[in-house]
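Report on the structure given below.
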Amino acid sequence: MTQPQPKFRAEDPAAVLLDETVLTVGSDGRATEHHRHVVKILRPAGRDEGVVAVPFDNDRKLLSLHIWSVGPDGHEYAMKDSEIAEFGLPGEGGQLYVDERYKVANPPGRDPGGIVAYEYEVRSRPYVNEETWFFQSELPGVKQSFTLQLPAGYTYRAVWAHHDKTEAVDLERQRWRWEMNDMPAIDLEDVPLHPSTVAIAGRMTVHYGPSGTDQLGTWQGVGQWYNDLSRARLAASPEIAAKAAELTQGKTDFFDKAEAIGEFAQKGIRYFVIERGIGGDQPHPAADIFRNRYGDCKDKATLLASMLSTVGIHATWVLVDTRRGAVDPSAPSTYGNHAIAAIEIPAGYNSPKLRSVVTAKSGKRYLIFDPTWEKTAFGQLEWNLQGGYGILVEAGASEVIALPVLKPESNTLYRTASFQLQPDGELKGSVVVKSFGDLSESSRDMYSRQTLKEQTDNRNRTLGHDLSTFTVSDVKVENVEALNKELTTSYTLDAEHFARSMGALLMVRPRVLGTDGIYVDRKPRSMPIDLKEAKLEKDEFSIELPPGYAVDELPDPVKLDLGFAAYESSTTLSGNKLHYTRTYTVREVTLPADRYADVQKLAATIDADEKNSAVFKKQ
């Protein structure tokens with residue numbers, strides 16, 4: 001730890017000097033991991049990088065942990081076991097019990113110039129025969145390595161995500177080593193429209209097993225593993241069958257039956273996490289989930305599939321990650337943090353309500369639905385999963401599937417308003433806002449969970465971005481819980497000092513409220529662009545002018561279509577009424593870095609249009 005260290009960027013808070021993993025697999029298939037990690041604190045903001053937190057649980061046994069540090073003054077420390085605390089995960093976000101725990105320590109000397117080092121040994125879970133090596137993160141890495149030791153008669157397959165393949169050094173006697181030196185940090189600070197770190201950080205997954213193991217390190221193998229682990233949990237109890245029959249009574253249409261059961265799993269089963277050992281991967285039995293009326297994401301998907309099976313509809317799991325891009329189609333693994341459902345659609349059946357549909361290699365079509373996402377209408381898929389990938393679990397026919405990007409018309413926001421402008425610049429009128437899909441989610445959540453005061457504060461905060469002084473009255477809300485209908489909000493608005501007088505001229509902003517602005521910067525771009533969601537937004541505003549004014553200047557019409565998005569607006573005068581209309585459409589959610597100039601152009605176009613004013617002259 002006293003060797004000369006390389007230079008780092010001024011903005012790096014800390015740097016990983018050494019990260020070394022040795023995975024030793026026994027003849028019984030269980031693996032022991034020995035890990036060494038050394039980090040240097042470079043700036044005050046990097047002190048937290050010196051905090052040691054090592055996870056373990058009932059199946060991942062922590063065998064040893066040793067921690068050392070060297071302060072900026074060169075003083076060396078070795079922490080005692082009594083100085084290392086143990087913590088469990090806090091019970092929040094629907095988590096009642098998770099057996100994952102952490103050994104946590106705050107080594108002394110965690111100041112700029114200080115170094116923290118630790119090593120630990122754990123025995124891994126016996127039912128997962130893979131290990132992922134994360135060799136790139138938010139910190140630069142100087143020297144990193146991963147060593148695999150296999151018993152006689154075993155083989156392996158390594159797959160790479162977000163990085164070119166690196167060949168292993170054969171150390172002989174069933175031992176291989178991979179190395180990474182001078183790995184740059186993933187720096188997302190102040191980067192607009194950036195993907196998640198896990199969507200771009202390099203990693204390698206090693207799959208291992210007895211020689212001749214079928215589908216080792218393939219998506220089919222991963223899906224078969226999960227199928228074998230969980231398929232028995234789908235068994236339907238008489239109570240499950242009775243409830244499914246009750247929900248679908250009198251319904252003959254596929255969508256109507258699937259929707260009734262889907263909404264029960266979505267709304268009738270509380271999200272609640274109880275995980276112990278293998279429970280982090282394997283769902284609880286469907287009968288237990290139904291009886292208790294709670295479960296986590298994989299439990300909800302399991303119960304949904306079980307209930308559907310009793311009415312003749314096949315469904316299965318899709319293993320995904322809520323961070324778009326985390327699942328890499330070129331790197332088969334169990335890596336992911338979420339489970340949803342794939343519901344098989346009968347051959348020849350079609351409905352405009354089936355918006356989130358994929359076709360498997362078998363030719364079968366599936367409706368992809370997440371029963372955990374409480375504000376997503378049945379037939380749709382939440383924005384952060386769209387455009388990503390998932391593992392369709394169908395035993396030997398398992399495969400990786402591309403999750404669809406829904407059409408903009410499936411995610412809409414329509415604002416209409418009619419105003420009267422007073423001679424003193426005050427604006428009065430009525431507003432109607434209709435939203436559907438993900439664009440309605442935050443409002444549905446607000447109106448279903450928040451107090452009246454909280455709703456008012458949120459509404460005022462939003463309108464405050466466009467109006468300085470205003471009052472809102474006569475608020476009415478419809479279809480809060482009817483997810484397959486537009487959420488409709490109407491209210492009366494009174495905004496003082498909206499128009500500005502400059503001598504004989506009156507300045508009026510046609511875009512009264514609502515912004516579609518995009519934050520961009522002028523820096524060179526090297527990483528993909530994440531536009532978040534496909535959507536369609538429309539505004540139609542009319543402003544009745546006070547008597548005695550004639551038009552002096554109107555903003556020019558705007559029309560820009562870049563393929564991935566389009567924006568157009570127009571401002572016209574008919575009699576004494578000013579009309580403003582605009583349409584903003586986003587069709588794609590992920591773009592390559594070389595399209596950033598187009599995104600900047602779109603952002604500039606929207607910004608200019610939203611700031612435009614119409615000018616009237618007093619007669």
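Position 1 is the first residue of the sequence; numbering continues from there.
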Inset, instruction - With rounding to the nearest 0.5 Å, note down the distance linking NE2 in His162 to OG in Ser330. - result: 7.0 Å
Legend entry - Between Thr32 and Thr24, a side-chain donor and acceptor under 3.5 Å: no
Legend entry - Over-ring placement of Lys298 relative to Trp317, 6.0 Å and 45° cut-offs: no
Inset, instruction - Can you measure from OH (Tyr271) to NZ (Lys300) and round to the nearest 0.5 angstrom? - result: 9.5 Å
Legend entry - Nearest non-hydrogen partners of Thr316 and Arg231, listed with the distance: OG1-NH2, 3.4 Å
Inset, instruction - Give me the ring orientation class for Trp133 and Trp160: parallel if the planes are under 30° apart, tilted from 30 to 60°, perpendicular past 60°. - result: perpendicular
Legend entry - Charged N-O contact under 4.0 Å between Arg233 and Asp288: no
Inset, instruction - Write down the atom of Thr302, the atom of Leu234, and the distance for their closest heavy-atom approach. - result: O-CD2, 3.5 Å
Inset, instruction - May I ask you to decide if the ring planes of His35 and Tyr118 are parallel, tilted or perpendicular, using 30° and 60° as cut-offs? - result: tilted
Inset, instruction - Please examine the side chains of Thr132 and Met204, heavy atoms only from C-beta on, and report whether any two atoms are closer than 4.5 Å. - result: no
Inset, instruction - Decide side chain to side chain donor-acceptor pair (under 3.5 Å) for Glu130 and Thr334; before the verdict, give the C-alpha distance in whole Å, the side-chain angles of both, and the deciding distance to 0.1 Å. - result: CA-CA 8 Å; Glu130 69 174 50; Thr334 61; 2.7 Å; yes
Inset, instruction - Could you label the plane-to-plane angle of the Tyr156 and Trp178 rings as parallel, tilted or perpendicular, counting under 30° as parallel and over 60° as perpendicular? - result: perpendicular
Legend entry - Check ion pair Arg60-Asp57 (N to O, under 4.0 angstrom): no
Legend entry - Pairwise distance CD(Glu119) to CZ(Arg36) - rounded to 0.5 angstrom: 6.0 Å
Legend entry - Phe135 and His163: CA distance, side-chain angles, deciding distance, ring-ring contact (aromatic ring centres under 6.0 Å, His included) verdict: CA-CA 10 Å; Phe135 54 80; His163 195 278; 5.1 Å; yes
Inset, instruction - List the atom of Ala14, the atom of Pro140, and the distance in Å for their closest heavy-atom pair. - result: O-CD, 3.3 Å
Legend entry - Greater than 12 external heavy atoms within 6.0 Å of Glu86's CD: yes
Inset, instruction - Taking atom types as modelled, find out whether Thr590 and Asp530 have a side-chain donor-acceptor pair closer than 3.5 angstrom. - result: no
Inset, instruction - List the steps and the verdict of side chain to side chain donor-acceptor pair (under 3.5 Å) for His284 and Asn292. - result: CA-CA 11 Å; His284 293 90; Asn292 296 327; over 6 Å; no
Inset, instruction - Classify the side-chain pair Glu33/Thr21 by whether it contains a donor and acceptor separated by less than 3.5 Å. - result: no
Legend entry - Contact check, side chains of Phe134 and Thr205, non-hydrogen atoms, under 4.5 Å: no
Legend entry - Under-4.0 Å salt bridge between Arg47 and Glu49: no
Legend entry - Interatomic distance, Leu62 atom CG to Glu121 atom CD [nearest 0.5 angstrom]: 9.5 Å
Legend entry - Pairwise side-chain contact, His75 with Val70, heavy-atom cut-off 4.5 Å (strictly under): no
Inset, instruction - Find out whether Asp111 and Ile41 are in side-chain contact, i.e. whether some heavy atom of one side chain is under 4.5 Å from a heavy atom of the other. - result: no
Legend entry - Ser124 side chain to Ala31 backbone, donor-acceptor under 3.5 Å: yes
Inset, instruction - Can you see which heavy atom on Leu392 is nearest to which on Ala342, and at what distance? - result: CD1-CB, 3.6 Å
Legend entry - Pairwise side-chain contact, Leu304 with Ile343, heavy-atom cut-off 4.5 Å (strictly under): yes
Legend entry - Residues Lys523, Asp521: salt bridge by 4.0 Å N-O rule: no
Inset, instruction - Return the minimal non-hydrogen interatomic distance between Tyr208 and Val128, and the atom names on each side. - result: OH-O, 3.7 Å
Inset, instruction - For Arg365, check salt bridge (Lys or Arg N to Asp or Glu O under 4.0 Å) against everything at least two apart and list the hits. - result: none
Inset, instruction - State whether a side-chain donor-acceptor pair under 3.5 Å links Tyr366 with Glu394. - result: yes
Legend entry - Derivation and outcome, side chain to side chain donor-acceptor pair (under 3.5 Å), residues Asn337 and Thr322: CA-CA 7 Å; Asn337 65 5; Thr322 54; 3.0 Å; yes
Legend entry - Shortest non-hydrogen contact between Val39 and Gly50, atoms and distance: CG1-CA, 4.3 Å
Inset, instruction - Examine Phe378 together with Phe369 and report whether their ring centres are nearer than 6.0 Å. - result: yes
